[in-house]
Amino acid sequence: MLRRFVILGVLVTGAGCLFIVWLLLALPPLCGKAVVQQAVSPDGRYRASVSEGSCGATTGVATYITMERNFDSLLAKEADVLIADGDRARLETSVQWAGPRRLVVSWRGSEQVFLAETELFGVSVDYVAL
């Protein structure tokens with residue numbers, strides 16, 4: 001009798017674990033991140049990307065700006081230029097290259113800035129308010 005309860009307990013636990021795994025794989029992710037803009041430097045060595053992420057209607061929008069060096073090779077290296085979080089629907093951020101080693105970030109600001117680099121990979125980063 002005890003053996004039957006042990007086997008039944010193992011089966012119920014296994015079925016519960018399988019159900020949880022199925023839920024995690026079948027349901028869409030709660031948070032999303034989308035690339036809004038990409039800009040390649042004039043010499044083609046760098047690529048700057050603006051991405052925005054959100055975890056639903058009750059959270060703000062996080063803005064990420066990343067820069068990749070040698071993005072089309074196996075030696076590609078990526079690093080964050082700007083990480084900001086705000087309560088607005090969008091932070092209205094854009095990037096453009098003013099030269100092969102100068103990136104200009106135009107943005108409307110944020111409630112909280114976690115990272116704002118002024119130089120990365122030998123490229124100077126300038127911030128301009130909209």
Side-chain angles (χ1 to χ4, degrees):
M1 187 71 158
L2 179 62
R3 188 174 188 190
R4 286 185 182 178
F5 284 121
V6 170
I7 292 173
L8 183 63
V10 168
L11 288 175
V12 168
T13 303
C17 289
L18 285 174
F19 179 72
I20 290 172
V21 168
W22 176 81
L23 277 177
L24 292 174
L25 294 176
L27 294 176
L30 298 175
C31 298
K33 185 175 175 183
V35 176
V36 177
Q37 180 197 3
Q38 289 186 334
V40 177
S41 65
D43 62 359
R45 294 183 60 202
Y46 303 95
R47 177 173 57 195
S49 300
V50 179
S51 303
E52 292 182 344
S54 177
C55 289
T58 60
T59 62
V61 175
T63 299
Y64 309 90
I65 297 177
T66 56
M67 186 186 310
E68 293 176 88
R69 178 178 62 193
N70 300 326
F71 61 90
D72 59 349
S73 73
L74 294 175
L75 302 174
K77 188 169 183 180
E78 181 180 67
D80 293 322
V81 175
L82 174 80
I83 300 174
D85 191 20
D87 290 334
R88 296 179 198 83
R90 281 189 86 208
L91 294 181
E92 298 180 35
T93 307
S94 66
V95 292
Q96 64 183 22
W97 292 91
R101 299 272 183 179
R102 186 167 172 242
L103 179 67
V104 177
V105 176
S106 302
W107 68 316
R108 200 169 287 274
S110 171
E111 280 74 20
Q112 190 167 17
V113 176
F114 299 105
L115 174 73
E117 296 287 349
T118 56
E119 185 178 347
L120 192 63
F121 301 137
V123 174
S124 67
V125 181
D126 299 326
Y127 297 92
V128 177
L130 290 176

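Annotation: the span from S54 atom OG to K33 atom NZ amounts to 13.0 Å, rounded to 0.5 Å. Note that CD of E78 is 4.5 Å distant from OG1 of T66, once rounded to the nearest 0.5 Å. With rounding to the nearest 0.5 angstrom, the CH2 atom of W97 is 5.0 Å from the CG atom of L103. Here the CG-OG1 distance, from L18 to T13, works out to 11.0 Å after rounding to the nearest 0.5 Å. Here D126 contributes atom CG and Q96 contributes atom CD; the two are 11.0 Å apart, rounded to the nearest 0.5 Å. Rounding to the nearest 0.5 Å places CG of D85 at 7.5 Å from OH of Y64.
A search for side chain to side chain donor-acceptor pair (under 3.5 Å) contacts involving S41 returns D43, not counting sequence neighbours. Here S124 pairs with R102 under the side-chain contact (heavy atoms from CB on, under 4.5 Å) rule; sequence neighbours left out.
Residues V81 and V104 are members of separate hydrophobic clusters, defined by side-chain heavy-atom contacts under 4.5 angstrom among Ile, Leu, Val, Met, Phe, Trp and Tyr. Note: the hydrophobic cluster containing V123 also contains Y127 (ILVMFWY, side chain heavy atoms under 4.5 Å, direct or indirect links).
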Determine, stepwise, if the pair R101 / R45 fulfils side-chain contact (heavy atoms from CB on, under 4.5 Å). CA-CA 10 Å; R101 299 272 183 179; R45 294 183 60 202; 2.7 Å; yes
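Annotation: side chain of V95 is in contact with side chain of Q37 (closest heavy-atom distance under 4.5 Å). With a 4.5 Å cut-off on side-chain heavy atoms, W107 and L82 count as touching.
Checking V50, V128, I65 one by one against V105, the side chain to side chain contact (heavy atoms under 4.5 Å, CB included) holds for a single residue, I65.
Taking each heavy atom of S49 and E68 in turn, the nearest pair found is OG-OE2, 4.5 Å. Closest non-hydrogen pair, V125 versus E117, comes out as CB-O, 3.6 Å.
Note that K77 lies outside the cation-pi zone of F121, set by a 6.0 Å cut-off to the ring centre and a 45° limit from the axis.
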